[in-house]
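Read through the structure below, which is laid out as C-alpha cells, and then see the notes.
Computation of the quantities below employed the complete heavy-atom set of this structure, encompassing side-chain atoms and omitting hydrogens, waters and symmetry-equivalent molecules. Source: prediction; values computed, not measured. Convention: sequence-line order gives letters A, B, ...; per-chain numbering from 1.
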Amino acid sequence: MNKPATPNSFRTGPDEQGMFGIFGGRFVAETLMPLILDLERNWNEVKNDADFRAELTDLSTHYAGRPSKLYFAEGLTKHLREVSSAKGLGGGAKVYFKREDLNHTGSHKINNCLGQILLAKRMGKKRIIAETGAGQHGVASATVAARFGFPCVVYMGATDVARQSPNVFRMKLLGAEVRPVTAGHGTLKDAMNEALRDWVTNVEDTYYLIGTAAGPHPYPELVRDFQSVIGIEARAQILEQEGRLPDTIIAAVGGGSNAIGLFHPFLDDKEVRIIGIEAGGRGLDGIEHCASMNAGKPGVLHGNRTYLLQNADGQIMDGHSISAGLDYPGVGPEHSWLRDSGRVEYVPILDDEALEAFKLTTRVEGIIPALESAHAIAHAVKIVPAMDKDQIVIVNLSGRGDKDVHTVASMLGMEI
Amino acid sequence: MTTRIDRRMAKLKTEGRPALVTYFMGGDPDYDTSLSIMKALPGAGADIIELGMPFSDPMADGPAIQAAGLRALKGGQTLVKTLKMASEFRTGDNETPIVLMGYYNPIYIYGVDRFLKDAIASGIDGLIVVDLPPEMDEELCIPALKAGINFIRLATPTTDDKRLPKVLQNTSGFVYYVSMTGITGSALADTGKVAAAVKRIKGHTDLPVCVGFGVKTAEQARVIGANADGVVVGTAIVNAVANVLGPKGEKTADPAEAVATLVSGLAQGVRSARLAAAE
C-alpha cells in the first residue's frame, strides 16, 4: 500500500511487506527467506506479549540500568548562551542530554541486544553472530551472549580491528570470537557482508543479531521498537521536568538505531522539530563522508532499499567518517522514508566540527561523549545560540567516548 | 513465447543428457579477455552461459567470485559493458542462451525498463538476480517476464514443500537448485540428498532443474548430471581464470584456453551422464 505524501501518522510503518513507502523490503537470497519469515512470525508473537515485555523490562532495569537519565546540560547551555550574547542575540535554548552513555556497556546498543537475545532464546537458536564497526554493538552482543550462555561470533572489518583494539579485547574477554574481515576495504559494510555469508551457511542454528535499524524486514522494525525506549522515556521525562515537549530533538545517524529510537515516539508531535545528523567527514564535495541521505541516492544493499553512497553503475562506495560508528554507506530505511516525507531533516556535520563538540562537551560538562554523539552535539552548538532562552533541545548522547580517546589523540597530534 | 533457453533445454532432452551451465564473471580480468572466454565457452561444450555482472558487495558469494568481481570492477567493467559483451558475443553465436547473473542494485540504478530493453537488444535470454526473492517479484521478475526474458529462481535446501510453489510461481527457463546452504564455491553436497531434492522440486514443476554450488570436476558433473537436467559450474571456472593471473594481475597463460580446457573436461562429464528417466 502506498503511503500518501503527508500521512495522518508517521508511526504506522512498515506495511506487511516491510516497506516504508518505497524503502525497506526483503532483498535477500532465497536461502535466507524462510529464516526471515520465521523471525517475522516470532517477532509478531512477542512484540505484544506481556511475559516477553516483562522479562525485557526487568533486564533493562536491573542489568542495563534503565531508565537512562534526561540530564539538563547546564554547562553547555551556559556556554551557548554566552556565545549567543556575544553575537548580540541574547538567546540560547536549554540543552538536555538523553544519557544513553550511562547504560551498561556504554551505549544505546544494549537496548537492542537485550531484546534480540530474548528473541533468539525463544526461537531456540544455539549460536549468535553479529557485525560491528567501532565495536560498540560487538561488545553489547558479546555481553548478552555471555549473560545468556550463547557462543558468539562477531565479524569486524580488519581495518576496524586495528583501530579499535580495546573493544576487540573486551569482546574476547566476554568470550566472543572476533573474526577480522579482510574482504573489500575491511570496514562495517564488509563485516555485514561476511555476517550474511555466515548466516546463509549456518541457517539451522544461528541467530543474526543485527546492530542497527537496517537490513531485511523485520529487522528495521524490531530494532526500532527495542530502541524506542529512548524516545518513550525522553518524552515522559521532559514532560515531567519541563511540563512540555521539546522544541527540537537531535541524534546522530549512521545506520540510525539511536536516532530512530529517539525520534519514533515524537514523530506525531508536529510541534517538535526533528533533526538527524549524518557524518559529513571531510566535506560533501568529495567522497570522504558518509552522508548517504544528503549525497547518495536510493538503492538496494544488505536486504533493504534505502539511500546509499554509490557510483553511476550502482557499485557501493566506501565512505569516511572520523567516527567508526557512522562509517557506513547506507542508512536504515525508515530514515530514508522520513527524509523523503519531510518529517525529519537530515544535515551533515564535518569531522572537525564533531571533534570541537567532543572537546567542548568534555570541558564544560565533564562528559566524554562518543564521537558519534559528538556529531549531534555539534549541531546543537550551531543552532542553539539562535534559539530563544525558553526553548528546549534534547540531544541523544548515544554513547560514551572512552573508546574514542585514541582516535581523538591522533587527530590532535598527541600520543597516549 | 519460447526463448533460447527453452529451445536448448528441449533439444538436450531429446539427446537424453543434462545441460552444462557455465558461469564466468563478465570483465574478469578485463573486457577483452573476458569476451574471449565467453566466445570459447560453446566450443568447449557449454550449453548455457551465465554471464556474471560484478557487484561491489556480493553477499551470497564465496572468496573466489568476490575476488573475480573486484578484478572486473577494477578493470573498469560496468553493466553497460556487460551488456555490450553479450551483444558482441551474439554477432558470432545466435543460439547459445545467455543468462545474466548478479545482484539487483546495478540493475535498479540502470533503470528496470531501460535495462530490459537493452538486455533484449543484447540477446539476453534470462536473469538470475540473487537478492530478489518471490516477495519482491514486482521489482524485476514480472516486468522481465512481460518483456519475454526468463526469470530463473534459486531453490535451496531451506525452500520447503510449503514454500516451493511460491518460489516456482513466476520462475521460467529452468530452476536453479542450490545444492547446499552457504556461499558459492563451498564443498559439494551429498549426491543422494541432491537427487532427492531434485525429485522433490520436480514434483512441483515441469521446468528443467539445474543443480549448482560445489561442482568442480568432470566426475562430479557426471554424478550430479545423472540426477538433474543441468549442472552449473561457476567457482571452478572463475578459479581457472585466477590461476593464470600473476600477483599483479598479469596473465601467465591464456585465460580463455584455461577455461576451455576445464569446460571440455566438464562437458565430457555431463555427456557421460545419461538421464535415467528423461521424461
Side-chain angles (χ1 to χ4, degrees), chain A residues 16-19 22 24-38 40 181-185 189-190 192-206 215-217 296-306 308-318 329-330, chain B residues 53-63 66-67 69-70 72-73 76-82 102-111 115 128-136 138-140 153-160 162-164 166-167 176-178 180-184 186 213:
Chain A
E16 311 84 63
Q17 300 305 312
M19 305 298 288
I22 68 160
R26 288 178 282 214
F27 296 89
V28 296
E30 173 59 26
T31 312
L32 291 182
M33 247 349 268
L35 280 76
I36 287 182
L37 293 171
D38 187 40
E40 186 184 358
V181 179
T182 51
H185 295 80
K189 169 174 88 87
D190 309 299
M192 201 149 178
N193 288 334
E194 211 56 36
L196 284 162
R197 290 181 188 120
D198 181 312
W199 202 24
V200 92
T201 306
N202 300 293
V203 294
E204 296 295 335
D205 63 345
T206 297
H217 177 67
K297 55 183 177 175
V300 174
L301 178 71
H302 293 154
N304 55 186
R305 175 160 38 221
T306 193
L308 297 170
L309 299 180
Q310 54 186 321
N311 69 16
D313 186 43
Q315 308 298 335
I316 311 304
M317 321 244 279
D318 285 279
Chain B
M53 303 177 280
F55 182 48
S56 53
D57 293 81
M59 300 170 299
D61 284 304
Q66 288 175 42
L70 289 180
L73 291 174
Q77 191 73 1
T78 59
L79 185 47
V80 171
K81 287 187 180 174
T82 303
Y103 295 80
Y104 184 41
N105 196 54
I107 296 172
Y108 178 71
I109 294 303
Y110 195 96
F115 168 75
I128 300 176
V129 184
V130 179
D131 50 355
L132 285 178
E135 280 74 6
M136 295 279 130
E138 298 297 325
E139 296 281 335
L140 179 63
R153 190 98 61 195
L154 275 60
T156 77
T158 60
T159 315
D160 60 17
K162 192 161 154 260
R163 184 163 169 81
L164 258 179
K166 189 170 179 77
V167 169
Y176 182 163
Y177 180 67
V178 174
M180 56 181 302
T181 62
I183 51 179
T184 51
S186 311
F213 272 46

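- Across all their heavy atoms, A:G314 and B:I109 have their closest contact at CA-CG1, 3.7 Å.
- Checked against side-chain contact (heavy atoms from CB on, under 4.5 Å), B:V178 has the following partners two or more places apart in sequence or in another chain: B:L154, B:T156, B:Y176, B:F213.
- Heavy-atom distances place the side chain of A:L301, and not its backbone, under 4.5 Å from chain B.
- Heavy atoms only, all atoms of each residue included: A:V300 and B:N105 are closest at N-OD1, 2.7 Å.
- Interatomic distance, OH of B:Y104 versus CZ of A:R305, reported as 5.5 Å (0.5 Å rounding).
- A 4.5 Å side-chain heavy-atom check between A:M33 and B:K166 finds every atom pair outside the cut-off.
- Contact annotation for A:A195: neither backbone nor side-chain heavy atoms come within less than 4.5 Å of a heavy atom of chain B.
- Checked against side-chain contact (heavy atoms from CB on, under 4.5 Å), A:M317 has the following partners two or more places apart in sequence or in another chain: A:I287, A:L309, A:N311.
- Of the inter-residue distances, the one linking B:T158 atom OG1 with A:L37 atom CG reads 10.0 Å to the nearest 0.5 angstrom.
- Contacts of B:E138 with chain A are absent, with no heavy-atom separation under 4.5 Å from either backbone or side chain.
- Counting heavy-atom pairs closer than 4.5 Å to chain A, the top-ranked of the candidates B:E139, B:R153, B:K162 is B:E139.
- Looking at B:D61, only its backbone comes within 4.5 Å of chain A, counting heavy atoms on both sides.
- In this structure a side-chain-to-backbone donor-acceptor pair under 3.5 Å is missing from B:D57 to A:D190.
- Most heavy-atom pairs under 4.5 Å with chain A, from the set B:A60, B:G62, B:P63, B:P58: that is B:P58.
- Neither the backbone nor the side chain of B:V129 comes within contact range of chain A, judged by heavy atoms closer than 4.5 Å.
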Check step by step if side-chain contact (heavy atoms from CB on, under 4.5 Å) holds for B:M59 and A:E194.
CA-CA 7 Å; B:M59 300 170 299; A:E194 211 56 36; over 6 Å; no
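- Across A:D198, A:V200, A:L35, A:L196, the residue that shares the most heavy-atom pairs under 4.5 angstrom with chain B is A:V200.
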Residues B:D131, A:V28; criterion side-chain contact (heavy atoms from CB on, under 4.5 Å); working and verdict:
CA-CA 4 Å; B:D131 50 355; A:V28 296; 5.9 Å; no
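- Between B:P133 and A:F27 the shortest heavy-atom distance is CD-CA, 4.4 Å.
- The main-chain N or O of B:P54 is found under 3.5 Å from a side-chain atom of A:Q315 such that the two form a donor-acceptor pair.
- Proximity of B:S56 to A:Q310: side-chain heavy atoms (C-beta onward) are nowhere separated by under 4.5 Å.
- Residues B:M136 and A:M19 share a closest heavy-atom pair of CE-SD, 4.3 Å.
- With a 4.5 angstrom heavy-atom cutoff, B:L73 touches chain A only via side-chain atoms.
- Heavy-atom distances place no part of A:P216 under 4.5 Å from chain B, backbone and side chain included.
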